[in-house]
Engineer: 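Following this message is one structure expressed as structure tokens.
This is a predicted model, so every value here is computed, not measured.
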Amino acid sequence: MEQRRDLCSFLFPQVSSLGETKRVETKMFVRMKQGSSKAEADAVRARAVAAGLNVYEDNGGGATTLAILGPAGQGATLADELTKLPGVAEVAKATRQYRLSSREFRSVPTVVKVRDTEVGGGSLTLMAGPCSIESEEQLFEVAAGVKAAGATLLRGGAFKPRTSPYAFQGLGLDGLKLLARAREKTGLPIITEVMEPAQVDMVAEFADVLQIGTRNMQNFSLLNAVGRTRMPVMLKRGLSGTIDEWLLAAEYVLAAGNSQVILCERGIRTFETAARNTLDLNAMPILRRLTHLPVIVDPSHATGKRWMVAPMSYAGVAAGADGIMVEVHPRPEEAWSDGEQSLTLPMFAKLAGELRTIHAVTAPLNAAAE
Ligand code: PEP
Ligand code: MN
């Protein structure tokens, strides 16, 4: 009886004291039995779709889980009905606001494949490159240098979200074209920022990973637009975004049908002004527990100071990050943006070697601590 009441509460509209009917959501995870068939999962899906609900499937960890989400659908007995279908192990209610990004939906880590490299799942990702693409010479010199040092992705801004409207705003399309040529030369996949929905198709034509900048973490139309691409997306944490808000922002991309999401902790704004921002390393173990998505640390924007980048990179990897994103410039003192926090090529080469050493020791420790 207790169980039945619980199942019914998935879908029962709640009536407020004013007698209005509140909008009630369906938010359930249907876990299929190990060894159940695809046809059995399809039968669950078909029933949920017939009720007007959205279905998301995950096959991590050996068994299928279906997330069934959406407005109330057709009646209170759906959960009950699904429980009885062949192959269903259990129907569980989502306990958190974010659902597809939660470990409740997918218990095993997500590995985001970017061309020949993988982000997450035990590998160490090293994203490096200039803050802004300035010229062919500058970009190609950095690209060759970071590749030689073992970078796994090339970063570079073509569309720059600058605090001041008078600061350099990026080379735009010309920058994207240079990035594509740098990829051809080095074989490194590229990550670059997209700032608005109308730019998504253009940037997606050139990029391997679409970066959502900190200022756009809650630009929901942009999140929907990159969600529709099915391309890898790296979502930076908002300047004042809580972890819950960040995961809900990731949820927009996932709910639009794109499961290829990487999170990036790039420092948050606190009362402390000694550094540009404050790198929130608490977020590493917290995110490990809450989400299956890979997490990258950006110590460049987190600190704003070149001499802080190495120690905070060590700390990020030791705390369980799947990799780092750092700004590198052949002559940081001449950089058109963020020179103060950009590493030189020799500094990056040294850091890359050190991080590989640290990661080899700390990755197994973090995995065991989960
Ligand atoms: C960047 O990585 O180029 C950038 C602008 O970073 P953020 O969005 O974290 O400020
Ligand atoms: Mn920058």
Engineer: State, with a plain yes or no, whether a side-chain heavy atom of Val112 is found less than 4.5 Å away from one of Val114.
Structural biologist: yes
Engineer: Using side-chain heavy atoms (C-beta onward) and a distance below 4.5 Å, is Pro330 in contact with Gln138?
Structural biologist: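 When only atoms from C-beta onward are counted, Gln138 and Pro330 do touch, with a gap below 4.5 Å.
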Engineer: Going from CG on Leu355 to NZ on Lys350, what distance comes out if it is rounded to the nearest 0.5 angstrom?
Structural biologist: 10.5 Å
Engineer: Sub-3.5 Å donor-acceptor pair from the side chain of Arg162 to the main-chain atoms of Phe168, do we have one?
Structural biologist: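 Side chain of Arg162 to backbone of Phe168: a pair is present.
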Engineer: Could you measure the distance from the CD atom of Glu196 to the OG atom of Ser221? Nearest 0.5 Å is fine.
Structural biologist: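 Interatomic distance, Glu196 CD to Ser221 OG, rounded to 0.5 Å: 9.5 Å.
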Engineer: To the nearest 0.5 Å, what is the distance between CG on Leu179 and CD1 on Ile190?
Structural biologist: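 It is 4.5 Å, given to the nearest 0.5 Å.
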Engineer: Applying a strict under-4.5 Å side-chain criterion to I, L, V, M, F, W and Y, I'd like to know whether Leu343 and Leu124 cluster together.
Structural biologist: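 The answer is yes; both residues are in one hydrophobic cluster.
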Engineer: Of all heavy-atom pairs between Tyr56 and Leu254, which one has the smallest distance, and what is that distance?
Structural biologist: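 Here Tyr56 and Leu254 meet closest at CE2-O, 3.8 Å.
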Engineer: For the side chain of Arg115 and the backbone of Leu188, is there at least one donor-acceptor N/O pair under 3.5 Å apart?
Structural biologist: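 The answer is no, because no donor-acceptor pair under 3.5 Å joins these two groups.
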Engineer: When clusters are formed by joining ILVMFWY residues with side-chain heavy atoms under 4.5 Å apart, either directly or through shared neighbours, do Met234 and Met217 land in the same one?
Structural biologist: no
Engineer: Using distance alone, with no hydrogens and no angle criterion, decide if Ser337 and Ser132 have a side-chain donor and acceptor under 3.5 Å apart.
Structural biologist: yes
Engineer: First locate atom CG of Asp298, then atom CG of Leu279, and finally report the distance between them rounded to the nearest 0.5 Å.
Structural biologist: 8.5 Å
Engineer: Taking atom CG of Asn54 as the centre, does the number of heavy atoms from other residues, nucleotides or ligands within less than 6.0 Å exceed 12?
Structural biologist: yes
Engineer: When you check the gap from the basic side-chain N to the acidic O, do Asp322 and Arg288 get nearer than 4.0 Å?
Structural biologist: yes
Engineer: Parallel, tilted or perpendicular, judged at 30° and 60°: which one describes the rings of Phe105 and Phe29?
Structural biologist: parallel
Engineer: What I want to find out is whether Glu141 reaches Arg331 closely enough, with some N-O distance under 4.0 Å, to be called a salt bridge.
Structural biologist: yes
Engineer: Spell out, yes or no, whether Ile243 and Ile262 are grouped together once hydrophobic residues are joined by side-chain heavy atoms under 4.5 Å, including indirect joins.
Structural biologist: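 Each belongs to a different hydrophobic cluster.
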Engineer: Can a donor-acceptor pair be found between the side chains of Thr65 and Asp58 at a distance below 3.5 Å?
Structural biologist: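 No.
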Engineer: Tell me yes or no: between the side chains of Asn216 and Thr214, is some donor less than 3.5 Å from an acceptor?
Structural biologist: no
Engineer: Walk me through whether Arg96 and Asp244 qualify under salt bridge (Lys or Arg N to Asp or Glu O under 4.0 Å).
Structural biologist: CA-CA 9 Å; Arg96 298 184 188 276; Asp244 267 21; 5.8 Å; no
Engineer: Is the side chain of Thr362 donor-acceptor paired with the backbone N or O of Ile358 at a distance under 3.5 Å, no angle test?
Structural biologist: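 Yes, because the side chain of Thr362 sits within donor-acceptor range (under 3.5 Å) of the backbone of Ile358.
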Engineer: Does Thr64 form a side chain to side chain contact (heavy atoms under 4.5 Å, CB included) with Val30? I'd like the steps, not just the answer.
Structural biologist: CA-CA 8 Å; Thr64 299; Val30 178; over 6 Å; no
Engineer: In Å, rounded to the nearest 0.5 Å, how long is the span from NZ of Lys185 to CZ of Phe140?
Structural biologist: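 One finds 5.5 Å between NZ of Lys185 and CZ of Phe140.
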Engineer: Donor-acceptor check, side chain of Glu251 to backbone of Ser101, threshold 3.5 angstrom: yes or no?
Structural biologist: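 Looks like yes, one N/O pair under 3.5 Å.
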Engineer: Are Thr83 and Glu90 packed together at the side-chain level, in the sense that at least one heavy-atom pair is separated by less than 4.5 angstrom?
Structural biologist: no
Engineer: Does Thr229 reach the main-chain N or O of Ala225 with its side chain, forming a donor-acceptor pair under 3.5 Å?
Structural biologist: no
Engineer: Using distance alone, with no hydrogens and no angle criterion, decide if Gln341 and Thr303 have a side-chain donor and acceptor under 3.5 Å apart.
Structural biologist: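 On atom types as modelled, these side chains do not qualify, holding no pair under 3.5 Å.
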Engineer: Taking only Lys NZ, Arg NE, NH1 and NH2, and the carboxylate oxygens of Asp or Glu, determine whether Lys160 and Glu193 approach each other closer than 4.0 Å.
Structural biologist: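 Salt bridge absent between Lys160 and Glu193.
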Engineer: Decide if atom CD of Glu354 counts as having more than 12 heavy atoms of other residues, nucleotides or ligands within a radius under 6.0 Å.
Structural biologist: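 Enclosed.
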Engineer: One thing to verify: whether Glu40 and Lys33 come together as a salt bridge, which I'm taking to mean a side-chain N less than 4.0 angstrom from a carboxylate O.
Structural biologist: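 Here Lys33 does not pair with Glu40 in a salt bridge, since their nearest N and O are not under 4.0 Å apart.
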Engineer: With a 4.5 Å heavy-atom cut-off, do Lys113 and Pro189 have their side chains touching?
Structural biologist: no
Engineer: Is there a donor-acceptor pair under 3.5 Å between the side chain of Trp246 and the backbone N or O of Leu235?
Structural biologist: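 Pair found, side chain donor or acceptor close to backbone of Leu235.
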Engineer: Do the side chains of Lys236 and Met325 get nearer than 4.5 Å, heavy atoms only?
Structural biologist: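 Answer yes - side chains close enough.
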Engineer: Give the minimum heavy-atom separation between Ala180 and Phe206, together with the two atoms involved.
Structural biologist: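 For Ala180 versus Phe206, the nearest heavy atoms are CB-CD2, 3.9 Å.
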Engineer: With a cutoff of under 4.5 Å between side-chain heavy atoms, which Ile, Leu, Val, Met, Phe, Trp and Tyr residues group with Phe271?
Structural biologist: none
Engineer: Tell me if a side-chain donor or acceptor on Arg106 pairs with a main-chain N or O of Pro109 at a distance below 3.5 Å.
Structural biologist: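 Present.
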Engineer: Does Val328 reach the side chain of Pro130, with side-chain heavy atoms less than 4.5 Å apart?
Structural biologist: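 When only atoms from C-beta onward are counted, Pro130 and Val328 do not touch, as no gap falls below 4.5 Å.
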Engineer: Can you tell me how far the OG atom of Ser102 sits from the CZ atom of Arg289, to the nearest 0.5 Å?
Structural biologist: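 One finds 12.5 Å between OG of Ser102 and CZ of Arg289.
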Engineer: Between Asp338 and His301, is a side-chain hydrogen bond (donor to acceptor under 3.5 Å, both in side chains) present by the stated rule, with each step listed?
Structural biologist: CA-CA 9 Å; Asp338 285 350; His301 293 91; 3.1 Å; yes
Engineer: Which residues pass the side chain to side chain contact (heavy atoms under 4.5 Å, CB included) test with Ala158, sequence neighbours left out?
Structural biologist: Ile133, Leu176, Thr192
Engineer: Do you know which two heavy atoms are closest between Ala48 and Val55, and how far apart they sit?
Structural biologist: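 Distance-wise, the nearest heavy atoms are CB-CG2, 3.6 Å.
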Engineer: I need the minimum non-hydrogen distance between Ala250 and Val261, along with the two atoms involved.
Structural biologist: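 Shortest heavy-atom contact: CB-CG1, 4.2 Å.
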Engineer: Go through it in stages, so that I can follow the logic: the residues are Glu327 and Arg155, the test is salt bridge (Lys or Arg N to Asp or Glu O under 4.0 Å), and I'd like the CA-CA distance, side-chain angles, deciding distance and then a yes or no.
Structural biologist: CA-CA 8 Å; Glu327 290 184 337; Arg155 67 146 283 146; 3.5 Å; yes
Engineer: Does Ala367 offer a backbone N or O that forms a donor-acceptor pair with the side chain of Glu370 under 3.5 Å?
Structural biologist: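 No.
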Engineer: Are the side chain of Thr152 and the backbone N or O of Leu126 linked by a donor-acceptor pair below 3.5 Å?
Structural biologist: yes
Engineer: Take Glu334 and His329 through the side-chain hydrogen bond (donor to acceptor under 3.5 Å, both in side chains) test and state the conclusion after the steps.
Structural biologist: CA-CA 9 Å; Glu334 292 173 16; His329 196 286; over 6 Å; no
Engineer: Which heavy-atom pair separates His359 from Pro364 by the least distance, and what is that distance?
Structural biologist: O-CD, 3.9 Å
Engineer: Taking it one step at a time, do Arg306 and Glu340 satisfy salt bridge (Lys or Arg N to Asp or Glu O under 4.0 Å)?
Structural biologist: CA-CA 6 Å; Arg306 185 176 315 126; Glu340 246 191 280; over 6 Å; no
Engineer: Indicate yes or no: at least one non-hydrogen side-chain atom of Val295 is less than 4.5 angstrom from one of Met284.
Structural biologist: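 They are in contact (side-chain heavy atoms under 4.5 Å apart), so the answer is yes.
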Engineer: I'd like to know if Tyr314 and Ile296 are part of one continuous hydrophobic network [Ile/Leu/Val/Met/Phe/Trp/Tyr, side-chain heavy atoms within less than 4.5 Å].
Structural biologist: no
Engineer: Using side-chain heavy atoms (C-beta onward) and a distance below 4.5 Å, is Met127 in contact with Ile324?
Structural biologist: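 Of all side-chain heavy-atom pairs linking Ile324 with Met127, none is under 4.5 Å.
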Engineer: Provide the closest heavy-atom pair for Ala319 versus Asn366 in the form atom of the first, atom of the second, distance.
Structural biologist: C-ND2, 3.8 Å
Engineer: Determine whether Asp280 and Thr278 satisfy the following criterion, side-chain hydrogen bond (donor to acceptor under 3.5 Å, both in side chains), listing intermediate values before the conclusion.
Structural biologist: CA-CA 6 Å; Asp280 179 13; Thr278 296; over 6 Å; no
Engineer: Would Lys38 and Glu57 pass as an ion pair if we require N to O under 4.0 Å?
Structural biologist: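 No salt bridge links Lys38 with Glu57.
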Engineer: I'd like to know if Val309 and Ile268 are part of one continuous hydrophobic network [Ile/Leu/Val/Met/Phe/Trp/Tyr, side-chain heavy atoms within less than 4.5 Å].
Structural biologist: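 No, Ile268 does not connect to Val309 through the hydrophobic network.
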Engineer: Ser123 side chain to Val119 main-chain N or O, any donor-acceptor pair under 3.5 Å?
Structural biologist: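 Here the side-chain-to-backbone pair does not exist.
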